[in-house]
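Structure record follows, encoded as structure tokens.
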Amino acid sequence: MGAFFTLLTSAAVILLVIPGGLCVDIIGGAEVRPHSRPFMALILRNEGLPICGGALIKPNWVLTAAHCPVSRDKVILGAHSIKRKEKEKQFFKIAKQIRYPCYWPESKEHDLMLLQLKGRAKLNKAVKLIDLPTSNDDPKPGTVCRVAGWGRTQNHSRKTSETLREVNVTIISRETCNSEKYYRNNPTITDRMICAGSEKGKRDSCVGDSGGPLVCNNVMRGITSFGKKDKCGAIGAPGVYTRLTKQYVQWIKKTIGGDL
């Protein structure tokens, strides 16, 4: 799944195929078993088009990416299909959106945001919370993680997936990710970011996948953030994820109130 930033308009600056300029969908993955990722949140525009993904961390709070252009949009929990009616689905309006205070679009730093829902989710088999990391561990290069979303499945197509898909991506060292072969420090991949994909390409997040969780060894370690524009799944263009550092987790807990 190539992770990408914001697509609000065709001229947007970040990569996500949403109004805004980000690129994020699942490239090279497969459809998951329906409702087997009960922590996934789907953020839809009023027109019914996917904007971003997210993760349910409290019955009335969703964690997503700061670059996601949400406002009067809606959040769906318990979804597998975007279009089909599913008894598992729970629909919510967004009461409040809180971006991390130091979010910087140009450098892609601090790309995380909290969405407070109007109402509380009913937790069941299809809708569950995902735990935030309890340690400040930094996933080591070579670690295989997974990322899911409803984003694009082909780099040069505007068509997004109708159902939830997931792909395995491998952690790439920051030194490698900042090298001439990859991002060339434009932007710089910092220790608050995770670089993940495949040296051979073809496995990545893409437009529409932004905000979804990066899960490593069954622990949420990151948030789908950005990638190279129009290069989802390309060699030398792995996705980049906001790493859930101790600092970020403390801010999240303080903002939503108390322990998770």
ask   = What heavy-atom pair brings A41 and V62 nearest, and what distance separates the two atoms?
value = CB-CG1, 3.9 Å
Heavy-atom pair of closest approach, residues C177 and Y182 = O-CB, 3.1 Å
ask   = For Y241 and V147, what are the C-alpha separation, side-chain angles and deciding distance, and is it a side-chain contact (heavy atoms from CB on, under 4.5 Å)?
value = CA-CA 10 Å; Y241 304 79; V147 62; 3.8 Å; yes
message = Determine whether a donor-acceptor pair (N or O, by modelled atom type, separation under 3.5 Å) exists between the side chain of E86 and the backbone of H80.
response = yes
query = Are side-chain heavy atoms of K96 and L114 found at a separation under 4.5 Å?
reply = no
message = Does any part of the side chain of M113, heavy atoms only, come nearer than 4.5 Å to the side chain of C68, both counted from C-beta?
response = yes
query = By salt bridge (charged side-chain N to carboxylate O under 4.0 Å, His left out), which residues pair with E162, not counting sequence neighbours?
reply = R84
query = How close do F39 and I130 get, heavy atom to heavy atom, and via which atoms?
reply = CB-CB, 3.6 Å
Between OG1 on residue T163 and NZ on residue K83, distance to nearest 0.5 Å = 11.0 Å
Close side-chain approach of V127 and P38, heavy atoms under 4.5 Å = no
remark   = When every non-hydrogen atom of L129 is compared with those of P59, the smallest separation belongs to CD2-N, 3.8 Å
Check: T190 side chain, R192 main-chain N or O, donor-acceptor pair, under 3.5 Å = yes
remark   = Quick note, salt bridge (charged side-chain N to carboxylate O under 4.0 Å, His left out) partners involving residues 127-145, not counting sequence neighbours, are D137-R221, D138-R174, D138-R243
inquiry  = Counting neighbours of CG on N217 that are heavy atoms of other residues, nucleotides or ligands and sit closer than 6.0 Å, is the number greater than 12?
reply    = no
inquiry  = Is there a side-chain contact between L123 and L56 in this structure, where contact means two heavy atoms from C-beta onward sitting under 4.5 Å apart?
reply    = yes
ask   = Counting N and O atoms only, with roles assigned by atom type, does the side chain of K108 sit under 3.5 Å from a partner on the main chain of M193, one being a donor and the other an acceptor?
value = no
S225 side-chain N/O to T242 backbone N/O, donor-acceptor pair under 3.5 Å = no
inquiry  = Which heavy atom of R99 sits nearest to which heavy atom of A66, and what is that distance?
reply    = NE-O, 2.6 Å
query = Any side-chain heavy atom of H35 sitting closer than 4.5 Å to one from K125?
reply = no
query = With distance as the sole test, does Y100 use its side chain to make a donor-acceptor pair with the main-chain N or O of E109 at under 3.5 Å?
reply = no
message = For E175, is the CD atom crowded, meaning more than 12 foreign heavy atoms sit under 6.0 Å from it?
response = no
key: Which atom of N124 lies closest to which atom of A126, heavy atoms considered   = OD1-N, 2.9 Å
ask   = Could you state the interatomic distance from CD1 (I194) to CG (L214), rounded to the nearest 0.5 Å?
value = 5.5 Å
ask   = side-chain contact (heavy atoms from CB on, under 4.5 Å) between Y183 and V240: does it pass, once the steps are laid out?
value = CA-CA 10 Å; Y183 280 89; V240 182; 3.8 Å; yes
inquiry  = Grouping I, L, V, M, F, W and Y whenever their side-chain heavy atoms are under 4.5 Å apart, do V219 and V215 come out in a common cluster?
reply    = no
ask   = How many angstroms lie between CD1 in I76 and CD1 in I43, if you round to the nearest 0.5 Å?
value = 10.5 Å
ask   = Are side-chain heavy atoms of L77 and L117 found at a separation under 4.5 Å?
value = yes
Donor-acceptor contact present, side-chain N178 to main-chain I189, <3.5 Å = yes
query = With no hydrogens and no angle check, is any side-chain donor or acceptor of T64 less than 3.5 Å from a backbone partner on G53?
reply = yes
query = Taking the side chain from T224 and the backbone from G212, do they hold a donor-acceptor pair closer than 3.5 Å?
reply = yes
ask   = Under a 4.5 Å cut-off applied to non-hydrogen side-chain atoms, are W251 and L112 in contact?
value = yes
query = Under a 4.5 Å cut-off applied to non-hydrogen side-chain atoms, are N60 and Q116 in contact?
reply = yes
ask   = Can you check whether S81's main-chain N or O pairs, donor with acceptor, with W150's side chain at less than 3.5 Å?
value = no
task = State the CD-CG distance between E180 and N185, to the nearest 0.5 angstrom.
result = 8.5 Å
inquiry  = According to disulfide bond (SG atoms under 2.5 Å apart), does anything in residues 95-147 pair up with another residue at least two apart or in another chain? List the pairs.
reply    = C145-C216
ask   = Could you walk me through whether E166 and M40 pass the side-chain contact (heavy atoms from CB on, under 4.5 Å) check?
value = CA-CA 11 Å; E166 185 177 77; M40 288 295 297; over 6 Å; no
